[in-house]
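Computed from a predicted structure; not experimentally measured.
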Amino acid sequence: MKAIKANRFILRDHATRRADQRALSRQNVINVAKSLIEWKWQEDKQTYWFIGFLEANQSGGFTAAVDQGVWIITVFKRKLTRREKELMK
């Protein structure tokens, strides 16, 4: 997370395409890292999944691989689940 907060990561091609489609930026990825609500390891995909806020009122997240650097695989907008809202309290 420190690397992402410090803007030390690489957006993979897929993440760049998705960010362009969804009008998202590197700053949105950094914002999620700084406002992190939940994260988990996705064993089947061998990636980390992070949820937070892309902007003040827009929740979303990204997936990342960590291997001699941080690679952002995809970035997305999504509503928080009831459970995630409870975690914020």
Side-chain angles (χ1 to χ4, degrees):
M1 265 320 189
K2 287 181 183 180
I4 296 169
K5 290 178 185 178
N7 197 16
R8 290 192 319 265
F9 59 89
I10 296 170
L11 287 172
R12 297 294 309 247
D13 292 343
H14 178 79
T16 300
R17 284 193 306 275
R18 291 295 180 252
D20 288 346
Q21 291 170 346
R22 298 169 178 142
L24 299 174
S25 67
R26 289 181 69 85
Q27 186 59 51
N28 293 123
V29 173
I30 295 167
N31 292 349
V32 169
K34 289 182 176 180
S35 65
L36 190 63
I37 297 169
E38 185 171 24
W39 69 274
K40 67 180 177 181
W41 170 248
Q42 300 181 114
E43 183 70 35
D44 58 329
K45 297 178 184 176
Q46 297 291 296
T47 60
Y48 292 92
W49 172 87
F50 300 95
I51 297 296
F53 285 90
L54 300 161
E55 295 177 4
N57 294 318
Q58 177 64 60
S59 55
F62 62 88
T63 61
V66 179
D67 181 26
Q68 297 181 11
V70 178
W71 302 81
I72 305 301
I73 307 301
T74 194
V75 59
F76 52 87
K77 294 179 183 179
R78 83 182 222 349
K79 294 184 179 191
L80 297 178
T81 65
R82 191 173 305 169
R83 186 178 146 308
E84 290 163 349
K85 289 177 185 175
E86 286 295 318
L87 290 173
M88 292 175 41
K89 292 182 179 179

Original post:
Of all residues at least two apart in sequence or in a different chain, which pass the side-chain hydrogen bond (donor to acceptor under 3.5 Å, both in side chains) check with Ser59?
Top reply: none
Subject >> For Thr63, all residues meeting side-chain hydrogen bond (donor to acceptor under 3.5 Å, both in side chains), sequence neighbours excluded >> reply: none
Original post:
Does CG belonging to Asp44 count more than 12 external heavy atoms closer than 6.0 Å?
Top reply: yes
Any salt bridge (Lys or Arg N to Asp or Glu O under 4.0 Å) involving [range]? Give me the pairs, sequence neighbours left out, ordered by first then second residue.
{"range": "residues 3-20", "answer": "none"}
{"range": "residues 34-43", "answer": "Glu38-Arg83"}
{"range": "residues 60-79", "answer": "Arg78-Glu84"}

Which heavy atom of [X] sits nearest to which heavy atom of [Y], and what is that distance?
{"X": "Phe76", "Y": "Trp49", "answer": "CZ-NE1, 3.7 Å"}
{"X": "Met1", "Y": "Phe50", "answer": "CE-CD2, 3.2 Å"}
{"X": "Phe62", "Y": "Val29", "answer": "CE2-O, 3.7 Å"}
{"X": "Thr47", "Y": "Trp41", "answer": "O-CE3, 3.4 Å"}
{"X": "Ala3", "Y": "Val70", "answer": "CB-CG2, 4.0 Å"}

Original post:
Rounded to the nearest 0.5 Å, how far apart are CD of Glu86 and CD1 of Ile37?
Top reply: 12.0 Å
Original post:
In Å, rounded to the nearest 0.5 Å, how long is the span from CG of Leu54 to OG of Ser25?
Top reply: 9.0 Å
**OP:** Not counting sequence neighbours, which residues clear side chain to side chain contact (heavy atoms under 4.5 Å, CB included) with Asn31? List them please.
**Re:** Gln27, Asn28
Subject >> Residues in side chain to side chain contact (heavy atoms under 4.5 Å, CB included) contact with Ala15, at least two apart in sequence or another chain >> reply: Leu11, Ile72
Connected via hydrophobic side-chain network under 4.5 Å: [X] and [Y]:
{"X": "Val66", "Y": "Val32", "answer": "yes"}
{"X": "Trp39", "Y": "Ile51", "answer": "no"}
{"X": "Leu24", "Y": "Phe9", "answer": "yes"}

**OP:** Taking the side chain as every heavy atom from C-beta outward, state whether Leu80 and Met88 have any pair of such atoms under 4.5 Å apart.
**Re:** yes
